[in-house]
Amino acid sequence: MALQMRVLPVTPFKQNTALLWDDVTAEAVLTDAGGEAERLLAAVADKGLNLQAIWLTHGHLDHAGGVVDLCQKRPVPVLGPHKEDAYLLADLPQITAQYHFPVSPAFKPDRWLADGDVLHVGSHAFKVMHVPGHTPGHIVFYNAEHKLLIAGDVLFRHSIGRTDFPRGNHAQLLEGIRTKLLTLPDNTRVLPGHGPMTTIGEEKQHNPYL
Ligand SMILES: [Zn+2]
Ligand SMILES: [Zn+2]
(Lines give C-alpha, C1' and ligand atoms only; values in the text may rest on other atoms or scores of the structure.)
(Ligands and ions follow the chains in the order given, each with its own letter.)
Protein backbone atom coordinates (compact mmCIF):
# COMPACT_ATOMS: atom_id res chain seq x y z
CA MET A 1 0.00 0.00 0.00
CA ALA A 2 2.06 2.83 -1.20
CA LEU A 3 1.80 6.27 -2.61
CA GLN A 4 3.67 6.46 -5.90
CA MET A 5 4.99 9.46 -7.79
CA ARG A 6 6.41 10.10 -11.23
CA VAL A 7 7.75 13.55 -12.10
CA LEU A 8 7.01 14.85 -15.59
CA PRO A 9 8.71 18.17 -16.46
CA VAL A 10 6.55 20.18 -18.88
CA THR A 11 6.77 23.41 -20.91
CA PRO A 12 9.96 25.32 -21.87
CA PHE A 13 10.13 26.28 -18.15
CA LYS A 14 10.62 22.60 -17.15
CA GLN A 15 7.87 22.75 -14.58
CA ASN A 16 7.66 19.56 -12.49
CA THR A 17 4.19 18.08 -12.91
CA ALA A 18 3.72 15.24 -10.41
CA LEU A 19 1.69 12.19 -11.29
CA LEU A 20 0.67 10.84 -7.86
CA TRP A 21 -1.16 7.56 -7.44
CA ASP A 22 -2.30 4.95 -4.97
CA ASP A 23 -0.94 1.62 -6.20
CA VAL A 24 -3.77 -0.33 -4.54
CA THR A 25 -6.75 1.57 -6.00
CA ALA A 26 -4.99 2.97 -9.14
CA GLU A 27 -6.54 6.36 -8.36
CA ALA A 28 -4.32 9.19 -9.59
CA VAL A 29 -3.91 12.96 -9.48
CA LEU A 30 -1.82 15.35 -11.58
CA THR A 31 -0.37 18.44 -9.89
CA ASP A 32 0.33 21.64 -11.83
CA ALA A 33 -0.60 20.54 -15.33
CA GLY A 34 1.31 23.39 -16.94
CA GLY A 35 1.23 22.06 -20.50
CA GLU A 36 1.77 19.05 -22.75
CA ALA A 37 -1.63 17.57 -21.84
CA GLU A 38 -1.27 14.69 -24.33
CA ARG A 39 1.98 13.58 -22.70
CA LEU A 40 0.52 13.80 -19.20
CA LEU A 41 -2.52 11.74 -20.19
CA ALA A 42 -0.23 9.21 -21.91
CA ALA A 43 1.69 8.80 -18.63
CA VAL A 44 -1.62 8.18 -16.81
CA ALA A 45 -2.70 5.60 -19.42
CA ASP A 46 0.73 3.98 -19.49
CA LYS A 47 0.33 2.95 -15.85
CA GLY A 48 -3.34 2.03 -16.23
CA LEU A 49 -4.41 4.71 -13.76
CA ASN A 50 -7.76 6.36 -13.16
CA LEU A 51 -7.24 10.14 -13.13
CA GLN A 52 -9.37 11.73 -10.39
CA ALA A 53 -8.36 15.40 -10.32
CA ILE A 54 -5.85 18.13 -11.11
CA TRP A 55 -4.41 19.99 -8.12
CA LEU A 56 -2.86 23.44 -8.62
CA THR A 57 -0.31 25.12 -6.36
CA HIS A 58 -0.66 28.55 -7.96
CA GLY A 59 -1.85 30.41 -11.02
CA HIS A 60 1.37 30.95 -13.02
CA LEU A 61 1.25 29.94 -16.68
CA ASP A 62 3.82 27.14 -16.43
CA HIS A 63 1.72 25.51 -13.67
CA ALA A 64 -1.82 26.17 -14.93
CA GLY A 65 -1.46 26.75 -18.69
CA GLY A 66 -2.31 23.17 -19.71
CA VAL A 67 -5.35 22.68 -17.47
CA VAL A 68 -8.11 23.69 -19.91
CA ASP A 69 -6.57 21.64 -22.72
CA LEU A 70 -6.24 18.61 -20.45
CA CYS A 71 -9.82 18.93 -19.15
CA GLN A 72 -11.14 19.13 -22.71
CA LYS A 73 -9.43 15.80 -23.42
CA ARG A 74 -10.29 14.23 -20.03
CA PRO A 75 -12.85 16.07 -17.88
CA VAL A 76 -11.70 15.94 -14.24
CA PRO A 77 -12.22 18.38 -11.34
CA VAL A 78 -9.61 21.10 -10.86
CA LEU A 79 -8.79 21.81 -7.20
CA GLY A 80 -6.84 24.87 -6.11
CA PRO A 81 -5.06 27.17 -5.94
CA HIS A 82 -6.26 29.56 -3.18
CA LYS A 83 -8.76 32.11 -4.52
CA GLU A 84 -6.20 34.94 -4.12
CA ASP A 85 -4.68 33.64 -7.39
CA ALA A 86 -7.93 34.13 -9.35
CA TYR A 87 -6.46 37.16 -11.14
CA LEU A 88 -3.63 35.02 -12.55
CA LEU A 89 -6.01 32.42 -13.97
CA ALA A 90 -8.09 35.26 -15.45
CA ASP A 91 -4.92 36.62 -17.14
CA LEU A 92 -3.87 33.31 -18.72
CA PRO A 93 -4.93 34.22 -22.33
CA GLN A 94 -2.68 37.31 -22.32
CA ILE A 95 0.24 35.83 -20.40
CA THR A 96 0.41 32.55 -22.35
CA ALA A 97 0.41 34.53 -25.62
CA GLN A 98 3.10 36.88 -24.31
CA TYR A 99 5.41 33.96 -23.43
CA HIS A 100 4.64 32.12 -26.70
CA PHE A 101 2.95 29.24 -24.89
CA PRO A 102 -0.11 27.59 -26.49
CA VAL A 103 -2.81 30.13 -25.57
CA SER A 104 -4.91 29.04 -22.59
CA PRO A 105 -8.44 30.32 -21.98
CA ALA A 106 -9.11 31.86 -18.57
CA PHE A 107 -10.72 29.48 -16.10
CA LYS A 108 -11.90 29.05 -12.53
CA PRO A 109 -11.16 25.79 -10.70
CA ASP A 110 -14.03 23.60 -9.54
CA ARG A 111 -12.94 24.37 -5.99
CA TRP A 112 -10.62 26.99 -4.47
CA LEU A 113 -8.52 25.57 -1.63
CA ALA A 114 -7.64 27.04 1.77
CA ASP A 115 -5.14 26.36 4.54
CA GLY A 116 -6.10 23.18 6.40
CA ASP A 117 -8.08 21.54 3.59
CA VAL A 118 -7.35 17.84 3.12
CA LEU A 119 -7.28 16.11 -0.29
CA HIS A 120 -6.85 12.43 -1.12
CA VAL A 121 -5.07 10.31 -3.70
CA GLY A 122 -6.82 7.00 -3.09
CA SER A 123 -6.23 6.30 0.61
CA HIS A 124 -3.41 8.85 0.98
CA ALA A 125 -4.21 12.22 2.56
CA PHE A 126 -2.53 15.49 1.64
CA LYS A 127 -2.88 18.57 3.80
CA VAL A 128 -3.18 21.92 2.04
CA MET A 129 -1.03 24.74 3.40
CA HIS A 130 -1.36 28.36 2.21
CA VAL A 131 2.14 29.79 1.73
CA PRO A 132 1.75 33.17 -0.03
CA GLY A 133 4.57 35.44 -1.20
CA HIS A 134 5.57 34.04 -4.61
CA THR A 135 1.91 34.58 -5.48
CA PRO A 136 -0.83 35.60 -3.01
CA GLY A 137 -2.77 32.36 -3.51
CA HIS A 138 0.10 29.85 -3.48
CA ILE A 139 -0.59 26.58 -1.69
CA VAL A 140 1.50 23.42 -1.10
CA PHE A 141 0.42 19.80 -0.55
CA TYR A 142 1.86 17.67 2.26
CA ASN A 143 1.47 13.93 2.85
CA ALA A 144 2.56 13.16 6.43
CA GLU A 145 2.46 9.37 6.04
CA HIS A 146 5.12 9.30 3.31
CA LYS A 147 6.67 12.66 4.26
CA LEU A 148 6.23 14.15 0.79
CA LEU A 149 5.78 17.86 0.07
CA ILE A 150 4.62 19.20 -3.31
CA ALA A 151 6.10 22.67 -2.94
CA GLY A 152 5.36 24.48 -6.22
CA ASP A 153 7.44 27.67 -6.49
CA VAL A 154 7.78 28.27 -2.72
CA LEU A 155 10.96 26.29 -1.99
CA PHE A 156 13.62 24.92 -4.37
CA ARG A 157 16.85 23.02 -3.82
CA HIS A 158 19.08 25.75 -2.35
CA SER A 159 16.72 28.53 -3.44
CA ILE A 160 13.28 30.04 -2.85
CA GLY A 161 10.53 31.42 -5.04
CA ARG A 162 10.83 34.75 -6.85
CA THR A 163 8.93 37.61 -5.26
CA ASP A 164 9.66 40.33 -7.81
CA PHE A 165 6.25 39.98 -9.50
CA PRO A 166 3.34 42.35 -8.86
CA ARG A 167 1.81 41.22 -5.53
CA GLY A 168 4.96 39.24 -4.63
CA ASN A 169 6.03 39.55 -0.97
CA HIS A 170 9.47 38.37 0.13
CA ALA A 171 8.94 38.75 3.91
CA GLN A 172 5.64 36.87 3.73
CA LEU A 173 7.25 34.05 1.72
CA LEU A 174 10.10 33.65 4.24
CA GLU A 175 7.65 33.69 7.15
CA GLY A 176 5.55 30.94 5.53
CA ILE A 177 8.60 28.78 4.78
CA ARG A 178 9.91 29.16 8.33
CA THR A 179 6.65 28.49 10.14
CA LYS A 180 4.98 25.93 7.87
CA LEU A 181 7.71 24.10 5.91
CA LEU A 182 10.87 24.10 8.05
CA THR A 183 8.77 22.73 10.91
CA LEU A 184 8.14 19.52 8.92
CA PRO A 185 10.39 16.49 9.63
CA ASP A 186 13.94 16.84 8.27
CA ASN A 187 13.55 13.72 6.12
CA THR A 188 10.51 15.15 4.29
CA ARG A 189 11.08 14.82 0.54
CA VAL A 190 10.35 18.06 -1.31
CA LEU A 191 9.31 18.24 -4.96
CA PRO A 192 9.83 21.83 -6.10
CA GLY A 193 8.07 23.34 -9.10
CA HIS A 194 11.38 23.31 -11.01
CA GLY A 195 14.69 21.46 -10.69
CA PRO A 196 15.77 18.53 -8.55
CA MET A 197 14.09 17.15 -5.43
CA THR A 198 15.43 18.03 -2.02
CA THR A 199 14.58 17.52 1.66
CA ILE A 200 13.59 19.88 4.47
CA GLY A 201 16.79 18.96 6.36
CA GLU A 202 18.98 19.77 3.35
CA GLU A 203 17.34 23.19 2.94
CA LYS A 204 17.56 24.00 6.66
CA GLN A 205 21.32 23.41 6.47
CA HIS A 206 22.32 24.62 3.03
CA ASN A 207 19.70 27.01 1.59
CA PRO A 208 21.43 30.43 1.45
CA TYR A 209 18.10 32.28 1.38
CA LEU A 210 16.89 30.90 4.72
ZN1 LIG B 1 5.41 30.49 -10.17
ZN1 LIG C 1 7.02 27.94 -11.95
Side-chain angles (χ1 to χ4, degrees), residues 5-20 29-37 39-40 54-70 78-104 106-109 112-115 128-142 148-177 180-181 189-198 203 207 209-210:
M5 178 172 74
R6 184 173 165 204
V7 179
L8 301 150
V10 295
T11 83
F13 293 0
K14 298 276 175 246
Q15 193 281 124
N16 289 327
T17 294
L19 173 60
L20 299 167
V29 160
L30 285 164
T31 69
D32 289 351
E36 303 180 46
R39 204 180 122 226
L40 298 180
I54 297 169
W55 298 352
L56 299 181
T57 61
H58 66 297
H60 278 157
L61 77 163
D62 49 325
H63 298 253
V67 168
V68 172
D69 184 27
L70 197 147
V78 179
L79 310 182
H82 187 285
K83 65 178 179 302
E84 286 287 321
D85 269 12
Y87 73 104
L88 291 169
L89 300 180
D91 268 356
L92 278 173
Q94 293 78 6
I95 200 85
T96 47
Q98 187 185 325
Y99 281 89
H100 306 291
F101 273 50
V103 172
S104 168
F107 71 92
K108 280 196 182 123
W112 300 111
L113 295 174
D115 198 75
V128 174
M129 291 186 274
H130 185 203
V131 188
H134 175 70
T135 67
H138 201 303
I139 54 174
V140 300
F141 306 105
Y142 176 61
L148 175 65
L149 179 73
I150 307 296
D153 288 354
V154 167
L155 181 65
F156 302 104
R157 181 177 161 83
H158 299 178
S159 188
I160 62 171
R162 286 174 60 180
T163 52
D164 57 332
F165 304 110
R167 302 190 60 184
N169 186 323
H170 184 73
Q172 192 182 40
L173 179 68
L174 281 178
E175 168 76 7
I177 292 172
K180 292 180 174 171
L181 305 194
R189 291 179 300 147
V190 179
L191 178 69
H194 307 265
M197 290 194 73
T198 184
E203 297 315 306
N207 190 316
Y209 296 90
L210 301 177

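Hydrogens, waters and symmetry mates play no part in the numbers below; they use all other heavy atoms, side chains included. Everything numeric in this text was worked out from a predicted model, so none of it was measured. Both counts, for ligands and for their atoms, begin at 1 and track the order of listing.
At least one N, O or S atom of His63, from either the backbone or the side chain, sits less than 2.8 Å from the Zn ion (ligand 2). Using a cut-off of 2.8 Å, one finds that His58 contributes no N/O/S atom close to the Zn ion (ligand 2). Here Asp32 does not reach the Zn ion (ligand 2): none of its N/O/S atoms is less than 2.8 Å from the metal.
For the pair Ile160 and His170, the tightest heavy-atom approach, listed with the atom from each and the gap, is CD1-CE1, 3.7 Å.
Angle NE2(His194) to the Zn ion (ligand 2) to OD2(Asp62), rounded to 10°: 90°. Considering the Zn ion (ligand 1) as centre, the angle to NE2 of His134 and to ND1 of His60 is 90° (10° rounding).
Looking at heavy atoms from C-beta onward, Val128 lies in side-chain contact with Phe141 at the 4.5 angstrom threshold.
Aromatic pair His60/Phe13: centroids not less than 6.0 angstrom apart.
The atom of Asp153 that is an N, O or S and sits closest to the Zn ion (ligand 1) is OD2.
If you check the side chains of His63 and Asp32, you find a donor sitting under 3.5 Å from an acceptor.
For the pair Asn16 (side chain) and Pro192 (backbone), a donor-acceptor distance under 3.5 Å is present.
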